[in-house]
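Remember, it's 1-based here, ligands and their atoms both numbered in the order they're listed. Being a predicted model, the structure only gives us computed values, none of them experimental.
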Amino acid sequence: MHRYPTPFARGEDDPARPLPSEPQAETLKWWQRAVIYEIAPISFQDSNGDGKGDLPGLIQRIDHLTWLGVDAVWLTPVYTSPMLDFGYDITDFCAIDPLFGTLENFDQFVRLLHARGIRLILDFVANHTSDSHSWFAESRSSRSNPKRDWYVWADPAPDGGPPNNWLSRFGGSAWEWETKTRQYYYHAFLREQPDLNWRNPEVRLAMADVLRFWMRRGVDGFRVDASAVLAEDELLRDDPPDPDADEKTPPPQRLKRIFTDDRRESMAYLEEMRKVIDEFDDRVLLGEVQGKTDRIGHFYGEERPRFHLPLNFALLDTPWDALSLQANIDAYLNAIPENAWPDWVIGAHDKHRIASKIGQSQARVLAMLVLTLKGTPFFFAGDEIGMEQVAIPPECIRDPFEKLVGGYGLNRDPERVPMRWNEGRNGGFTSGDPWLPMGHDVAERNVEKLKVDPRSLLWLYRRLISLRRSEPTLAAGDYLPLRSRHGLLVYKRVCAGNEILIALNTGHEPRKLESPSAGTVLLSTYVDRDGEIVDQSTVLRPDEGVILKLRT
Ligand code: NOJ
């Protein structure tokens, strides 16, 4: 690998921008007030009967977004791709794959969203391309090609094997041999997803232009894919074994990724990306970051800004009980810089559906939790109707992760199955054969059915989103935890003399709530006691959450 000087050394004329101080409701940025909805277009709505969702389909369903009240949509990749990793293997960062439609469809989608006051965030797959990208075709063609160094090439070890022990996340060595030029190239994911060499300034310039291309088309921000793995150790030092790994650990996770992940250089590249974002007004940069809570704060950057919102999966990774929730929320808030804006993700295309883990009654409690915590809430299309993991018969498996590292519960197909709109054929998703099975509960759990029941989970989401908008304390107020005991998670949101108390019964038995003062119920997860006046002592029913406006 070539060595380059450390990029973006900051000059005197380029002072670090301070992070904003504690905001009041009216001064919050849009992405601080927003409720953000992730859509994997391939699973949202098919318009042409090929069994895969597309942009015209998304446009047909745009009213769902307005009805639900979300403020922004994050789309998984829609760029040209052989789809080996369902769009995360890209051949042209500035073109729409015909599977999804055209650039005109895309522009129309942006216009329609903006006309409804909804922002659009795109995935930015910075770490790698497809091996069918023209950049890689050039790079692999000869050692002297000007794009050779756009990817990470290394000589074989003395025995002719891979340069070191680094593992691909999707199984096997992270190095792939190229007979023609007699070197290995590095791939953190599939062998068909060669890693770009971010040390090369030309790569960074080209990728900055990709960001500008989409921002000029009106895109409001990006979610940077795999942001922690942009740079690898220049000395190619071997990763050590993970002492906590055993035979139940998936093989690609048996080394500690000290030399491939979360390197200091990657942070500098994120700072540079952020500067590009800041060339445009009011855009947002989100990041898929290192999974561990204790590293997340780092991705905000204090003196030199990196992400506005490093995505936080703490609520998905915690055991589901009040004590663990209270501890995990606290650990996360403790791990981020004092003035950083929090965020909370409860569903995503790589994460098992949480309704399967906690059950439908607690899925309502979770909805209340994520929409009343301080910080930007994220959920994944289908969470609002309580979609669960769908069993995938072996012959229907599509996820390369499962195909290559099977047997460890890693398959992401079960959470990626198509959205169900009604109880008709294929849930109204497609007139053809859906790309993944629809599941057996389409008749009970679909948008049309839940929409006619004002007490359904779908309505609860809608009510919570609307309450968050009408009660600025819920969007902007400080978070004040109370002591959670006996299965009740309790906290307040406080702003300008207003106090809202949230009490969530994480168990299946009734529980007594002792509130600091009497108050009025703004919403219960049962959606049946709006406006009820409650004393300091009241009982929460099994699996009930309540939002109380306290008398102050
Ligand atoms: C993270 C994405 O979320 C995931 O779906 C993908 O497989 C990997 N990055 C590789 O791009």
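- Phe280 has its ring centre no less than 6.0 Å from the ring centre of Trp214.
- Applying the salt bridge (Lys or Arg N to Asp or Glu O under 4.0 Å) test to every pair with at least one member in residues 87-96, sequence neighbours left out, gives no pairs at all.
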Every pair of nitrogen or oxygen atoms between ligand 1 and the protein that is under 3.5 angstrom apart - can you list them with their distances to 0.1 Å?
residue: ligand 1; atom: 3 (O); partner: Arg223; partner atom: NH2; Å: 3.1
residue: ligand 1; atom: 3 (O); partner: His349; partner atom: NE2; Å: 2.8
residue: ligand 1; atom: 3 (O); partner: Asp350; partner atom: OD2; Å: 2.4
residue: ligand 1; atom: 5 (O); partner: His349; partner atom: NE2; Å: 3.1
residue: ligand 1; atom: 5 (O); partner: Asp350; partner atom: OD1; Å: 2.8
residue: ligand 1; atom: 5 (O); partner: Asp350; partner atom: OD2; Å: 3.4
residue: ligand 1; atom: 5 (O); partner: Arg412; partner atom: NH1; Å: 3.2
residue: ligand 1; atom: 5 (O); partner: Arg416; partner atom: NH2; Å: 3.4
residue: ligand 1; atom: 7 (O); partner: Asp85; partner atom: OD1; Å: 3.2
residue: ligand 1; atom: 7 (O); partner: Asp85; partner atom: OD2; Å: 2.7
residue: ligand 1; atom: 7 (O); partner: Arg412; partner atom: NH1; Å: 2.9
residue: ligand 1; atom: 9 (N); partner: Asp225; partner atom: OD1; Å: 2.9
residue: ligand 1; atom: 9 (N); partner: Asp225; partner atom: OD2; Å: 3.2
residue: ligand 1; atom: 11 (O); partner: His128; partner atom: NE2; Å: 2.9
residue: ligand 1; atom: 11 (O); partner: Asp225; partner atom: OD2; Å: 3.0

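- The ring-ring contact (aromatic ring centres under 6.0 Å, His included) search around Trp30 returns none, not counting sequence neighbours.
- Trp166 and Tyr184 have their aromatic ring centers separated by at least 6.0 angstrom.
- Side-chain rings of His128 and Tyr88 stay apart, their centers remaining 6.0 Å or farther from each other.
- Looking at residues two or more places apart in sequence or on another chain, you find no side-chain contact (heavy atoms from CB on, under 4.5 Å) involving Ala391.
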